[in-house]
Asker: 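Just passing along the structure, written as structure tokens.
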Amino acid sequence: MKLLSTAFLTILFSTSMLANVSRVEKDALVKLFESTNGKQWTVKWDLSSSVATWHGVKVQDDKVISVQLANNNLVGEIPAEIVNLKNLQELDLHKNQLSGVIPSNIGQLKELKVLNLSFNKLSGVIPGSICEISNLKDLELYMNMLSGALPSEIGALKQLEIFSVFNNELEGQIPKSLYEIATLKTLLLNSNKLVGELSIDIKKLRALEYLSLFDNNMNGTVPLELERLKNLKEMNLSYNKFEGFVSRDLAILDTLNMTMLNDEGLAVLLDVKVERNTAIASED
């Protein structure tokens, strides 16, 4: 009886290991392997083995739901076929040597919750189709060479909690729709080429905990409405061209105490005029 039980468990285990994903999904993974010099990966795939055994690939109910290949020496480009992984919930290719552009049709990954392509050599724009991934909670594209404006419809990501695109070449203004993402907790836009004013609508981001606009070309005044963000733990607005005055509370909250650059490129501190804005306090 014991031998029969052992044999049954062996067969069951073997069957689970040989879980069959669709040919389309397997082909998409093979294309990723080939497009990123898979033979030189730190941890390689054995393409003759079951997909369920491949490093960083998670299969559930015969569907690929996660690909985690961070820091695995991927060199090359993200293939357009990646969007054929229709059931993908997480794509983490952080800290590799990926070049080229983010596939323009990335928005076809409707189930995606986590997209991390940070710390690579990606260029081009952030595709507008990203804004069609309604389940997205974590979008990290920092430390690349991305350019152009932030997608105007970024506010369509109603579940987004982390938006991190620092250290790129992004330009233009912060889209108005971004201020409508009530779930946003981390917003890191520092070290880009952003311009324009920080809208008073920043007060709508009540869940915000971390805000960095450091090292851009933004101007206007620092909205005192920032004081309404009770969950804000850390902020850095320094090394922009903001003018006017700030409250002491905001100056203390800023990592560099509101150090700005004037028209001559010299570092100056914003004036601290009030302990706390009474108009803002009265509405809390």
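From a predicted model like this one, the values you see are computed outputs, not experimental measurements.
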Asker: How long is the straight-line distance from OG of Ser247 back to CG of Leu224, given to the nearest 0.5 Å?
Answerer: 6.0 Å

Asker: Does Thr221 use its side chain to pair, donor to acceptor, with the backbone of Gly244 at less than 3.5 Å?
Answerer: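 Side chain of Thr221 to backbone of Gly244: no pair is present.
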
Asker: Going from CG on Leu93 to CG on Asn72, what distance comes out if it is rounded to the nearest 0.5 angstrom?
Answerer: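 Nearest 0.5 Å value for the CG-CG distance: 10.0 Å.
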
Asker: Kindly check if the number of other-residue, nucleotide or ligand heavy atoms within 6.0 Å of NZ (Lys137) is above 12?
Answerer: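 No - once you tally the heavy atoms of other residues, nucleotides and ligands closer than 6.0 Å, there are 12 at most.
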
Asker: Charged N to carboxylate O below 4.0 Å: is that the case for Lys31 and Asp27?
Answerer: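 Salt bridge flag = no for Asp27 with Lys31.
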
Asker: Is it the case that the side chain of Ser22 and the backbone of Glu25 share a donor-acceptor pair, with hydrogens and angles ignored and the cut-off at 3.5 Å?
Answerer: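 Between the backbone of Glu25 and the side chain of Ser22 there is a qualifying donor-acceptor contact (under 3.5 Å).
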
Asker: If you take all heavy atoms of Asn120 and Leu98, which pair is closest and at what distance?
Answerer: OD1-N, 3.0 Å

Asker: So how far is it from Lys185 NZ to Leu160 CG, rounded to the nearest 0.5 Å?
Answerer: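 CG of Leu160 is found 11.5 Å from NZ of Lys185.
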
Asker: Any donor-acceptor pair under 3.5 Å linking the side chain of Ser164 with the backbone of Glu140?
Answerer: no

Asker: Can a donor-acceptor pair be found, under 3.5 Å and without considering hydrogens, that links the side chain of Asn217 to the backbone of Lys241?
Answerer: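 The answer is no, because no donor-acceptor pair under 3.5 Å joins these two groups.
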
Asker: For Asn231 and Arg206, indicate whether the former's side chain and the latter's backbone hold a donor-acceptor pair under 3.5 Å.
Answerer: yes

Asker: If Ile, Leu, Val, Met, Phe, Trp and Tyr residues are connected whenever their side-chain heavy atoms lie under 4.5 Å apart, and connections chain through other members, are Leu91 and Ile133 in the same group?
Answerer: yes

Asker: Please give me the minimum heavy-atom distance between Pro127 and Pro151, naming the atom from each residue.
Answerer: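 Smallest heavy-atom distance, with atoms named: O-CG, 4.2 Å.
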
Asker: Nearest 0.5 Å, please: how far is SG in Cys131 from CG in Leu157?
Answerer: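 Leu157 CG to Cys131 SG: 5.5 Å, rounded to 0.5 Å.
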
Asker: If only atom types and distance count, is the side chain of Asp271 paired as donor or acceptor with the main-chain N or O of Phe245 below 3.5 Å?
Answerer: no

Asker: Quick one: which residue pairs count as a salt bridge (charged side-chain N to carboxylate O under 4.0 Å, His left out) with a foot in residues 103-128, not counting sequence neighbours?
Answerer: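 Pairs touching residues 103-128 that pass the test: Lys110-Glu132.
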
Asker: Of all heavy-atom pairs between Ser199 and Pro223, which one has the smallest distance, and what is that distance?
Answerer: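 Minimum heavy-atom separation between Ser199 and Pro223: O-CG, 3.9 Å.
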
Asker: Checking Gln68 against Asn116: is there a side-chain donor and acceptor pair closer than 3.5 Å?
Answerer: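 No pair is found: no donor N or O on one side chain lies under 3.5 Å from an acceptor on the other.
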
Asker: Determine which pairs satisfy salt bridge (charged side-chain N to carboxylate O under 4.0 Å, His left out) with at least one residue from residues 36-50, sequence neighbours left out, and list them in order.
Answerer: none

Asker: Who are the ring-ring contact (aromatic ring centres under 6.0 Å, His included) partners of Phe119, not counting sequence neighbours?
Answerer: none

Asker: Hydrophobic clustering (ILVMFWY, side-chain heavy atoms < 4.5 Å, transitive) - are Leu139 and Leu188 grouped together?
Answerer: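 No; tracing contacts between hydrophobic side chains, which count when under 4.5 Å, never links both residues.
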
Asker: Do you reckon Leu178 sits in the same ILVMFWY cluster as Leu170, going by side-chain contacts under 4.5 Å, direct or chained?
Answerer: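 Yes, one cluster joins them.
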
Asker: Could you walk me through whether Phe163 and Leu150 pass the side chain to side chain contact (heavy atoms under 4.5 Å, CB included) check?
Answerer: CA-CA 11 Å; Phe163 185 38; Leu150 294 170; 4.0 Å; yes

Asker: On a heavy-atom basis, which atom in Pro103 and which in Ile82 lie closest, and how many Å separate them?
Answerer: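 It is CG-CG2, 4.2 Å.
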
Asker: With sequence neighbours left out, what residues match Lys193 under side-chain hydrogen bond (donor to acceptor under 3.5 Å, both in side chains)?
Answerer: Glu169

Asker: Report the distance from atom OH of Tyr179 to atom CG of Leu208, rounding to the nearest 0.5 Å.
Answerer: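 Separation between the atoms: 11.0 Å.
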
Asker: For Ser177 and Ser152, which heavy atoms make the closest approach, and how far apart are they?
Answerer: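 Residues Ser177 and Ser152, closest heavy atoms: OG-O, 2.7 Å.
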
Asker: When you measure from the side chain of Asn73 to the backbone of Gln40, do you find a donor-acceptor pair of N or O atoms at a distance under 3.5 Å?
Answerer: yes

Asker: With distance as the sole test, does Asn190 use its side chain to make a donor-acceptor pair with the main-chain N or O of Leu213 at under 3.5 Å?
Answerer: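 No; judged by distance alone, with no hydrogens or angles, the pair does not exist.
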
Asker: Consider only side-chain heavy atoms of I, L, V, M, F, W and Y, link residues closer than 4.5 Å, and tell whether Met235 and Tyr210 are in one cluster.
Answerer: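 Hydrophobic grouping puts Met235 apart from Tyr210.
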
Asker: Under a 3.5 Å distance rule, please check whether Ser118 uses its side chain to pair with a backbone N or O of Leu141 as donor and acceptor.
Answerer: no

Asker: Please list all pairs passing the side-chain hydrogen bond (donor to acceptor under 3.5 Å, both in side chains) test where one or both residues lie in residues 250-260, with sequence neighbours left out.
Answerer: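 Matches after skipping sequence neighbours: Ser238-Asp254.
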
Asker: Would you say Met258 and Val268 are hydrophobically clustered, going by side-chain heavy atoms of ILVMFWY under 4.5 Å?
Answerer: yes

Asker: Show the nearest heavy-atom pair for residues Glu90 and Leu112, with the distance to one decimal.
Answerer: N-CD1, 3.7 Å

Asker: Only counting residues at least two apart or in another chain, list the ones meeting ring-ring contact (aromatic ring centres under 6.0 Å, His included) with Trp41.
Answerer: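 Residues passing ring-ring contact (aromatic ring centres under 6.0 Å, His included) with Trp41: Phe33, Trp45.
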
Asker: Just by distance, do the side chain of Asn192 and the backbone of Val165 share a donor-acceptor pair under 3.5 Å?
Answerer: yes

Asker: In Å, rounded to the nearest 0.5 Å, how long is the span from CD1 of Ile130 to OG of Ser104?
Answerer: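 Here the rounded value is 11.0 Å.
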
